[in-house]
Asks: 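Questions regarding the structure given below will be posed in turn.
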Amino acid sequence: MELDEFRTLVDAWLDADADELAPPFTGTGTLDEQMTQLAKVKGAAYDAGWMRWGWPSRVGGLGGSSLLRGYLGEALTRRGLVEPGGYSMVEVLAPTMIDYARPELAAEMVPRLLRGEELWCQGFSEPGTGSNLGALACRAVRDRESWRVTGQKVWTSFAQYSQRCVLLTRTGTPESAHRGITAMFVDMTSPGITVRPLGTMHGGAEFCEVFFDDVSVPFDRTLGEEGQGWSVAMDLLPFERSTALWHRSAFLNRRLEQLLADAPPDSLSATEVGDVFVQLFALRARSRGTQYRMAAGEHLGPETSVDKILLAATEQALFDLVGAALADDVVLGGDAVGEQWRAQYLYSRAATIYGGSAEIQRNIVARRLLDLGAET
Amino acid sequence: MMDAGELELFRAALRQATSSHSGKALDDALAELGWRDALAADRRVAVSTLFELQGQANATSSALDVVMAEGPVVLPPLGSCDQPTARGLGTYAFANSAPDGVVLRPVDGIDPSLGLVEVSGQLPRTDASSWPDALAAGQLALAHELIGASRAMLELARTHALERVQFDRPIAAFQAVRHRLAETLVAIEAAGAATGAAWDMETPMAAAAAKAVAGRSARTVAKHCQQVLAGIGFTTEHPFHRYLRRVLVLDGLLGDTRTLTKRLGEELLTTRQLPPPLPL
Ligand SMILES: Cc1cc2nc3c(=O)[nH]c(=O)nc-3n(C[C@H](O)[C@H](O)[C@H](O)COP(=O)(O)OP(=O)(O)OC[C@H]3O[C@@H](n4cnc5c(N)ncnc54)[C@H](O)[C@@H]3O)c2cc1C
């Protein structure tokens, strides 16, 4: 399947099934409604075959270029059928499973994620470990039959809806730093796991605290080898900054278009609108290049930090403009439209925090791309 | 289309030419190595390679005239992107072949080495319908030149940061310095990507957007690199000042960032719609 043909077929399908696929709510909806909608759209896209393109056959895919995944997510986002954050978890977690899980485990689990039957979360951050991921403390020790995990994760997005978690644990000594980390694929229904949703400033409870009290995780759920967790994480993060980011750029495009449609006359200055437009133009150009490098089989690495920095800057520039031009909606709005602008405005404030903060991305660029040596 | 080997040779020949010649001498060198043939065969490669290297070397040539109009051309006044009617700017190529009735005044300005002239009087008549294409072609070329100059500034600042020692360590060890240089690289990469997209899209709007991004990036790059270079970068003994001068002129040719950004915004506010986005 070539990209052009795929594009035509997906668009035709989305046109034909527009009514069934549309969200049953206006505006953002509750988080519950969003999750139901996400599962519905993924399920329908899987049944129609589209969701399987771009994934290898050993995990139930139909093969073809990863560009097909890029386009599908873009089309679904552009039409407002899914929120890019929840949808793109597929792009972050499925490649990790494909690269690091036992083949039988990946073959069993990945289709469930693609079909929308399951949601997975990413358990990296801890109360004492945000940016300094290498210092994480959630402990896993070898028992006779399994790992036993004890510790806490925090800000774990969608944990309360997730059946599984890609979890980073400390298996080495506390001093082992990034060498002593092991990744595992954990069932969220395992005894000993407690999930406590945390309210977020943009509304709903997108993320949670997750507590592990002597949780048993079978050895065959280890992702990669013992002690290889750092590589798993370092390979996962660039995915967050590639296809997922392309989807997000489609979302920004859609919202800029909506801003142009909604903003009262004289509330927007040409210079400010033009400025956001050219930033978005550059972001999409950059992200598109990354899509093509990935499709050509190149290994994605620290250069994706450039994409993330551009995304965060563009998203905040766009919503700064929204905050100013649609202040009535953002500050006072009480209807579904106003609440949606407000939620998205507030969420944009996190673009320089999640997935590695703006400062951490600049540290990566300085160290890895500019080769400036160690920092003091 | 050139294959990888040919491209490498072409690039090496252009690097040699731009680093050893400027102005008329560079024109001669380009003629000798067949740059116009390359332009006819693969426009994108010929333009992007030459202009980035020219920007990097702080050299000048009459290639902008060639790209826009196959020969000497009158550019709009600084900042503007409208086809010039009463007055404009010319490169040295125009100055050397100006028709009768045209009044020339040498511009020294901030970057005398460019050899720009102010043009007034009876401007040569050109077809208005060909302006948008000429403009877009020139904007893309200038975007590449701005990127080349930006890369050169980053290289100067990066080398300096690694060599200059203060408080017993290279200043590259200080996070404030590192983040400025990181910002610089991000700006350059954004401009590079935008320019590539403009070649793919082939719309006037995309060329204008790419030039706007490149101009904005170059100013960001100049600001951060100047701060990292500090005192030494403020002397005329250090090459930095030549790039700063060049960038300020190049940004102003065929629409500066501010004008282009505002124009794009005005178009969007008129239609209240976005143009079709860059497809995957
Ligand atoms: C909406 C949202 C969703 C999230 N989802 C998830 C998820 O699903 N899974 C998950 O594991 N995590 C998730 N996170 C957590 C996120 O990854 C962390 O918040 C982030 O890594 C920063 O960590 P921190 O909040 O502990 O900040 P800290 O690391 O404490 O940083 C605080 C400030 O100090 C700065 N700083 C820290 N170190 C340095 C340094 N070396 N140099 C310069 N500045 C520095 C930071 O940039 C930041 O500005 C999410 C966060 C948000 C906001």
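Both backbone and side-chain heavy atoms feed into the values below; hydrogens, waters and symmetry mates do not. Convention: sequence-line order gives letters A, B, ...; per-chain numbering from 1.
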Asks: Just do the salt bridge (Lys or Arg N to Asp or Glu O under 4.0 Å) check on A/Asp275 and B/Arg216 with the steps written out, would you?
Replies: CA-CA 10 Å; A/Asp275 194 50; B/Arg216 172 195 161 103; 2.4 Å; yes
Asks: Under the side-chain hydrogen bond (donor to acceptor under 3.5 Å, both in side chains) rule, what pairs show up with a residue in residues 365-376 of chain A, not counting sequence neighbours?
Replies: A/Glu375-B/Gln175
Asks: Could you measure the distance from the CG atom of A/Leu260 to the OG1 atom of B/Thr271? Nearest 0.5 Å is fine.
Replies: 7.0 Å
Asks: Quick one: what part of B/Leu268 sits under 4.5 Å from any heavy atom of chain A, side chain, backbone, both or neither?
Replies: both
Asks: Please round to the nearest 0.5 Å and tell me the distance separating atom CG of B/Leu278 and atom CZ of A/Arg288.
Replies: 4.5 Å
Asks: Of the backbone (N, CA, C, O) and the side chain (C-beta and beyond), which part of B/Arg272 lies under 4.5 Å from a heavy atom of chain A, both, or neither?
Replies: both
Asks: Which value, rounded to the nearest 0.5 Å, describes the distance between A/Leu72 atom CG and B/Leu280 atom CG?
Replies: 11.5 Å
Asks: Can you tell which part of A/Glu359 gets under 4.5 Å to a heavy atom of chain B, answering side chain, backbone, both or neither?
Replies: both
Asks: Counting a contact as any heavy-atom pair under 4.5 Å apart, which residues of residues 241-254 of chain A contact chain B?
Replies: A/Trp246, A/Asn253
Asks: Counting heavy-atom pairs under 4.5 Å with chain A, which one of B/Arg263, B/Glu266, B/Lys262 comes out on top?
Replies: B/Lys262
Asks: Rounded to the nearest 0.5 Å, what separates atom CZ in A/Arg362 from atom CG in B/Leu181?
Replies: 12.5 Å
Asks: What parts of residues 306-315 of chain A touch chain B if we use heavy atoms and a cut-off under 4.5 Å?
Replies: A/Val306, A/Ile309, A/Leu310
Asks: Could you look at B/Ala212 and say if it's the side chain, the backbone, both or neither that has a heavy atom under 4.5 Å from chain A?
Replies: side chain
Asks: Only pairs of heavy atoms separated by less than 4.5 Å count here; which of A/Ser287, A/Ala366, A/Ala270, A/Ser269 has the most with chain B?
Replies: A/Ala270
Asks: What part of A/Leu268 lies closer than 4.5 angstrom to a heavy atom of chain B: side chain, backbone, both or neither?
Replies: both
Asks: Using non-hydrogen atoms and a 4.5 Å limit, figure out which bit of A/Glu257 sits close to chain B: side chain, backbone, both or neither.
Replies: both
Asks: Is B/Ala206 in contact with chain A via its backbone, its side chain, both, or neither, using a 4.5 Å heavy-atom distance?
Replies: both
Asks: From B/Leu264 CG over to A/Thr271 OG1, what is the distance, rounded to the nearest 0.5 angstrom?
Replies: 10.5 Å
Asks: Side chains of B/Leu274 and A/Phe277: does their closest heavy-atom pair fall under 4.5 Å?
Replies: yes
Asks: Sort B/Glu183 into side chain, backbone, both or neither according to what part of it lies under 4.5 angstrom from a heavy atom of chain A.
Replies: side chain
Asks: Contact part of B/Pro279 toward chain A, heavy-atom cut-off under 4.5 Å: side chain, backbone, both or neither?
Replies: both
Asks: Checking A/Ser305 against chain B: side chain, backbone, both or neither under 4.5 Å from a heavy atom?
Replies: neither
Asks: Chain A contacts: which residues in residues 152-162 of chain B have a non-hydrogen atom closer than 4.5 Å to it?
Replies: B/Leu154, B/Arg158, B/Leu162
